[in-house]
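Before any comments, here is the structure.
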Amino acid sequence: MKQIRITETVLRDAHQSLIATRMKTEEMTPILETLDKVGYHSLEMWGGATFDSSLRFLSEDPWERLRMIRKTVKNTKLQMLLRGQNLLGYKHYADDVVSEFVKKAIANGIDIIRIFDALNDVRNLEVALKTTKKEGGHAQAAISYTISPVHNTDLYLKIAKQMEDMGADSICVKDMSGILTPYYAYELISKLKNTVKVPIQLHTHYTSGMASMTYLKAIEAGIDVVDCAISPMALGTSQPPTEPLVATLQGTEYDTGLSLQTLNEIAEHFRPIRDKYLESKQLDPKVLGVDVNALVYQVPGGMLSNLVSQLKMQNAVDKYEEVLKEVPRVREDLGYPPLVTPMSQMVGTQAVFNVVLGERYKMVPKEIKAYVKGEYGKTTVEISEEIRKKIIGDEEVITCRPADLIPPQLENIRNEMKEYLEQEEDVLSYALFPQVAIEYFKYRQAQKYKIDSNYVDKDQNTYPV
Ligand code: MN
C-alpha cells in the first residue's frame, strides 16, 4: 500500500497560470475551512508571483493574506514557492535579505518552502534551504526540469544528490513547461527513488495535454506526492485536475483517501469564480486548450503569451513564428538554461530583440549581460567564447556563488523605507519591489485616513484629521 499524497495548487499556481495571479483573498476565504478538511499533503498558497501581484494589482498585503489563511487552515501544511537567492523577485539578493525573508515567511505560518534555481545551481539554494531548516520549516529543493542536448537523467540524478547532501527534506521535479512525458517520467522517478532517500514530489502543467498520464506513470514509478488543482481551476496552463486522479487511484494500492464529495464542495466554490474570470476575459479560453508549441519549442505556456504581447508592442506580431524558432537558438547560445523565471523572460526578450532588430545580439538587455558574466550562477554548459565576446566583450566572468559578492542590504533598505514601516515584514516587501511597495504603503495610509476622516466619536464630533 503506497498512499499517494496531493498538494493542491488552487491558491497559487493554478490562478498564476490561468488568470495572471489575480485571485483575491476574499475569493479564497469562504472555502478555506473545507480545503483544510480534505487531508491534502499541503496547500500551495503563497510565493511565486502571488506576492508581486497582491501588492501591484490587488492592493493587498501578501503577509496579511498569509496570516489570514494560517488562522483558518489549522491542520493542513501551507506551502510556498521561492526562487532561491532571487526570493520572489527577479535578481539576486544579499544573504541577510534571503534569510530574513525565509524567517518571516515561517514566522507568519509557512510550513514547506519549495526552493528552486533557474540554472539548477545549488549554491543559489543554500542560504534559503539552511534558513528554512533552522527556522523549523520543511525545505523542499526543486529541480528545474527542461529538455536539451545536455539535460539527461544522469545530470538530474547528480543535482538531486547534491540537494539531498545539502539537507533538502524532500525533492521536487519541477516541470514548469509541462513537457515531461509519461514514459520518461517513469524512468526519471524510478532512478531518483533509487538515488535519494528523501520523498520525491512531481510538479507539472497540463499545457501540452500529457500531465495526468505523466502523473500515473510517475505514481507507478514510486512518486510520493503530486501537485494538482481543483477541476474548475485546472487543465490548460494550470495543473492536472485533482478529482479525476483521486477517482483513478480509488481502491488501488495508491488510494489517496481523499473524499470526492468534499472535493466537489471545493469545485462548486471555484466554478462561479472561473466563470467570472472567463466573462471578464481575464481567463482566456485559449490557455485551456492543448498547446503543442510547448512540446516543439519547450517554451512554457506563460512565455508564449508574453512573446505575443512583446511583439504587439513592437508592431511585429507577424514575426511570432520567427521568434519562436529563435528562442531555442538563444537558449543554445546561453548554455541551455531551463526556461523558468527569470530565464524565460530574459531568453524571450533576447529572441525578440534578435528577430525584430534583424541582427543577433545587436542589443542585449542588462540582465543577459549579467547572466553571461556569471551573476546568476553557473550555466549547465559553458557559453562559447564567441557568444560571450559578442555580449560582454572582455569583461570578467565570475565563478563564485554570485551572492558572495553582494554585501548585506537589510539595514540600508530599512533606512530607505522607514517612514512607511508599520510591521517588520514591510522591509521585505520593499526590498523585493521598492516602487510597488511604496505605492501600496501610500494606499494603505490613505485607506486609514479615509476611515479616520469618517470616524465620528461619541459626541458626534468629526474626528480631527
Ligand atoms: Mn508551476
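In listed order, ligands and their atoms are each counted from 1. A quick note: this is a predicted structure, and the numbers were derived from the prediction, not measured. What's counted below: heavy atoms across the whole structure, side chains too, no hydrogens, waters or symmetry copies.
- In this structure, Glu322 CD and Leu311 CG are separated by 10.0 Å, a value rounded to the nearest 0.5 Å.
- Among the heteroatoms counted here (N, O or S) of His205, NE2 is the one nearest to the Mn ion (ligand 1).
- Under a 4.0 Å N-O distance rule, the pair Glu332/Arg329 does not qualify as a salt bridge.
- Using a cutoff of 4.0 Å between basic side-chain nitrogens and carboxylate oxygens, Lys158 and Asp154 are not scored as salt-bridged.
- Considering just the N/O/S atoms of His203, the one nearest the Mn ion (ligand 1) carries the name NE2.
- Side chains of Asp13 and His205: a donor-acceptor N/O pair is present below 3.5 angstrom, by distance only.
- The nearest N, O or S atom of Asp13 is closer to the Mn ion (ligand 1) than 2.8 Å.
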